[in-house]
Amino acid sequence: GAVVSQHPSRVICKSGTSVKIECRSLDFQATTMFWYRQFPKQSLMLMATSNEGSKATYEQGVEKDKFLINHASLTLSTLTVTSAHPEDSSFYICSARAGTSGTEQFFGPGTRLTVL
Amino acid sequence: AQTVTQSQPEMSVQEAETVTLSCTYDTSENNYYLFWYKQPPSRQMILVIRQEAYKQQNATENRFSVNFQKAAKSFSLKISDSQLGDTAMYFCAFMKHAGVRGNYQLIWGAGTKLIIKP
């Protein structure tokens, strides 16, 4: 099946710094990418949807200036957590959808962010 | 708005037994898709099975099958001959058919933690 990678898998940073997480579709072109946040023992919470070449659409309650999403190519989307604080510590997962009619989302392995 | 409900927070069965995970959903849409995803301890989300609402036949994938009851808005997952590797969180998800440039967003259930005991 299609493979999605995320980098880094783990990151620890100091409060106030910015962290960038990359999501890449390795063997297909991702017209749409999704960014999720998952709290311990909970379901996935959709943060934003991004289509290649367009601005991301953020879900209600997600600060777009805090969580910057760039989907500059059909194989790469990035999530930048700006001025991170301890409450931003979480597991972040990206997924990608192929083509214009594909229904399946292919998930990255996730990134564990810890803000000290 | 669509909602997905998984009423079993946790289930535990012996290896080789059959287990059924329940999922109900609410929607006014007629065309949509339903999914079961598995998230093992590695936290990599894996698609288990998918069902198109317009198909009456229940989807099957080896030991995994679904009981799709469209009128009742029910979509349960049956795992036969359960194996230790089936231990994971299982999430039921709904996707509205959004068209060519639609957002294809998934609506997620809260998940069921399944433990397979040796």
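Within every chain, numbering begins at 1; the chains are lettered A, B, ... in the order of the sequence lines, protein sequences first and strands thereafter. Atoms considered below: every heavy atom in the structure, side chains included; atoms not considered: hydrogens, waters and symmetry mates.
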So which part of [X] gets closer than 4.5 Å to some heavy atom of chain A, the side chain, the backbone, both or neither?
X: B:M89; result: neither
X: B:R43; result: both
X: B:L106; result: both

- Message: If I measure from the heavy atoms of chain B, does A:L44 come under 4.5 Å with its side chain, its backbone, both, or neither?
- Response: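 For A:L44, backbone and side chain are both near chain B.
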- Task: Identify which part of A:Q6 has an atom lying under 4.5 Å from any heavy atom of chain B, answering side chain, backbone, both or neither.
- Result: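 No part of it gets close to chain B.
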- Just one of A:T80, A:T78, A:L79 clears the side-chain contact (heavy atoms from CB on, under 4.5 Å) bar with A:L68, so which one?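 For A:L68, the side-chain contact (heavy atoms from CB on, under 4.5 Å) test succeeds with only one of A:T80, A:T78, A:L79, which is A:T80.
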- Is it the case that B:S7 and B:S22 place a side-chain donor and acceptor less than 3.5 Å from each other?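 Indeed, the side chains of B:S7 and B:S22 share at least one donor-acceptor pair under 3.5 Å.
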- Message: Distance alone, cut at 3.5 Å: any donor-acceptor contact between the side chains of B:Q39 and A:Q38?
- Response: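 Yes, a side-chain donor-acceptor pair sits under 3.5 Å.
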- Message: In terms of relative ring orientation, are B:W36 and B:F75 parallel, tilted or perpendicular, with 30° and 60° separating the classes?
- Response: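 The arrangement is parallel - the two ring planes meet at less than 30°.
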- Message: Does the plane of the ring in B:Y37 sit parallel, tilted or perpendicular to the ring in B:W108? Use 30° and 60° as the thresholds.
- Response: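 Tilted, since the angle between the ring planes falls between 30° and 60°.
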